Amino acid sequence: MNHSARFVPYLYVAPLVALLLFVFGYPLVRIFEFSFKMVRGIDGPWIGWRNYDLVLSQPLFWESVQHNMLLLVAVPFMVGWSLLIAVVLYERLKGWKLYRVVLFLPYILAIPIIAVIMKKIFQFNGPVNEVLRWLSLDFLALDWIGSSDVALWTVMMLIIWRESALGIILFLARLLSLDESLIESAKPPAWRLISESVPMLIIWPRWMMARRSDTSSATLSECVESKIAIPALA
Amino acid sequence: MKRNWREGFSRRELLKTSAGLGAGVALNGLLPSTAARAAGPDLNMWWWGEQELPGLKAVVDDAVKSYTAASVKPMLQDTAVVISQFQTAAAAGEAPDIQFLWNGIYHMESVWLGYLQPLEGLVSDQVIKDSSPTLLSRFGGKTYRVGWYALPMIWIYNKDLYDKAGLDADKAPATWDEFLAACEKLKSAGIAPLGGGIQDGYWGEWYFGHAIAQNVDSAGEVIGLFTGERDFREPKYHEHWVKLEELKKAGFLNADMSSTELYPGIDLIPAGKIAAGQSVGARVPKDSEMTKGRIGTMVMPVYGKGKLAGKPIFDSQGLGIPTKAKNPKDAAAFLEYLQSPEQLKLLHDKTGWIPANTNFDLSVITDPVVVDMWKRWGQSENIPYLANLVPGQFYEQALLPSAQQVVEGKITGEEAGELAYKVAKEWRDFNPDIVENYKKWSTDLGG
């Protein structure tokens, strides 16, 4: 490959890079520049750090930061929740395909649509509270989106509900692509002890009876692992 | 050879066809539309309003089509860019000839930046006066807007619910004591006496617009609250929030107010779920029709001692002429054309609503509720909508949250006054140049 050929790929992407820089980069630079100006119309005099001083001295700004930090709590919860649901689905409990669709549905709904619907649902006199009142759970009929004490948690709950959907599908896809033996060996020893000893405890009395009546020569472990029928009780 | 279209286009043909179509479209865009073609000069008109008054686009299209003295090219603006798009164009010397303008501070900043020119000398004085641009369009003794369509700010009440509570539905409470007595009766009858929706905050803006008038003698006095000559901590300047707190504590506001938005909240009144609340005139025809005439209009009951207390509030949307308009005289002539009797009638026919002009022929309106409202708000002595004086920073950080928090029971009315004072002071300290303009504006507003 000659020297100039090395630059050819860069030439191919150059127009797009230039476009992106113009569309996104230039406004970002201008906004940053504006942040040091007192904007009057579309421009204004240079005022240094005063805009930053004003914003940083606002309790409202710090409240917003605090709220954003609180919303971050949703992230680890979301990951844990997604993994848990993915494992449950992986175990293929009855109707798991339907559950998978239901759980993924929120992710394909547009955020504005979710916002409009949830605003209706979580109104003080909306369907959620109507159901709670009907169940005589009036104390749980909160002002979900109208009270500043509750609204943030409602929003967090909705974020978890919507965004977990993608997590569930990603975890599930990965689990399904793995060899089952890997998953089995990855199970913690305590889990294995429980999962192996419980069936033994159930089968043990039957096995004993079969041995005494001389109808089976299989060991207890063979009975559990290969589900060999115990003739005495068959 | 007969062409078999099922074979599809070759890539070369596709490119050729696309280029041809593109050139055609581009050429069409460059040439003036035949519909808007007229003998006179070209006028650019940037307007807004279809979003709040459906049918206005048909009004503009018809007016442009029938106007022969100039070729008017209208462009409907998006709500989010009405001000910024105009200011950017004006700064670049590319302003339109006619610009839509919201009232008060929403166009006054453009006046102070030198982007708008006074209409005196361009538009006839009589047309300006008849079009009801309101006092808030004046600065330095000049007017910067011609009114276009009316925005009466009103309170409405459901007459059926008043009847149900044993009240006189044909006589709305005029004083605060009468109002509280009515609220008590309504509450006893199991009816939410007052309210709406404040989740998005705008109810708080409207409330301020109605209630701040109770204790002031002029619009200029309100300006003093921002320039520092007056103080929100004085009881009379935050009494409205104290009254709101009292209404909340008495259980007179609907329980779902904090989780309901402004317009769905207004819907609850004609729907018979709340007895009374704030609204705008443009909704009255529909609400009256829905309730078969059982919607009443009223001003906010009076508790204050200011000269503006108890007077109907009238606002209007308007149009102005930018300083760097290429054809200001032709633009002025078109603005006058929009105020002609046939154009006023056209606006009513297409939108079902009332133009801002006091000469509008009321005989075309058949609903007595609407006629009564227009006579009281549009044709009687009225006052401007004082919430349009509020600086943007104050609007975001004090005006909306204070009412929301009072309704939620988070702060008292007095604390709302403290918050308003603090935010007004911050704004003042940060914007000394605008404060100077506010002081000058105050003289136009009777300060």
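All of these numbers come straight from a predicted model, not from anything done at the bench. Quick note: numbers below take in every heavy atom, side chains included, and nothing from hydrogens, waters or symmetry partners. Letters A, B, ... are given to chains in the order of the sequence lines, protein chains preceding strands, and every chain is numbered from 1.
- The closest donor-acceptor contact from the side chain of D97(B) to the backbone of N44(B) lies under 3.5 Å.
- Checked by atom type and distance alone, the side chain of N388(B) never pairs as donor or acceptor with a backbone atom of L136(B) at under 3.5 Å.
- Contact count against chain A (heavy-atom pairs under 4.5 Å) is highest for Q199(B) among Q404(B), Q87(B), Q199(B).
- No other option in K422(B), E261(B), E109(B), Q405(B) has as many heavy-atom pairs under 4.5 Å with chain A as E261(B).
- Per-residue heavy-atom pair counts under 4.5 Å with chain A were compared for S84(B), A91(B), A90(B), A255(B), and the maximum is reached by A255(B).
- A distance-only check finds no donor-acceptor pair linking the side chain of R233(B) to the backbone of G417(B) [under 3.5 Å].
- When each of M38(A), K119(A), K120(A) is checked for heavy-atom pairs under 4.5 Å with chain B, K119(A) comes out on top.
- The backbone N or O of I160(A) lies less than 3.5 Å from a partner atom in the side chain of S164(A), making a donor-acceptor pair.
- Taking the charged nitrogens against the carboxylate oxygens, E245(B) and K248(B) have no contact shorter than 4.0 Å, which rules out a salt bridge.
- Ranking N129(A), D43(A), I145(A) against chain B, the residue ahead of the rest is I145(A), based on heavy-atom pairs under 4.5 Å.
- Interface remark: N125(A) contributes backbone and side-chain atoms alike to the contact with chain B (heavy atom separation under 4.5 Å).
- Only the side chain of P59(A) has a heavy atom closer than 4.5 Å to any heavy atom of chain B.
- Of all the listed residues (V423(B), V407(B), N254(B), T88(B)), the one sharing the greatest number of non-hydrogen pairs under 4.5 Å with chain A is T88(B).
- Taking the ring centre of Y115(B) as origin, the terminal cationic atom of R40(A) falls outside the region bounded by 6.0 Å and 45° from the ring axis.
- Heavy-atom distances place no part of D53(A) under 4.5 Å from chain B, backbone and side chain included.
- A cation-pi arrangement is not found for R428(B) relative to F226(B), the charged atom failing to lie both closer than 6.0 Å to the ring centre and inside a 45° cone about the ring normal.
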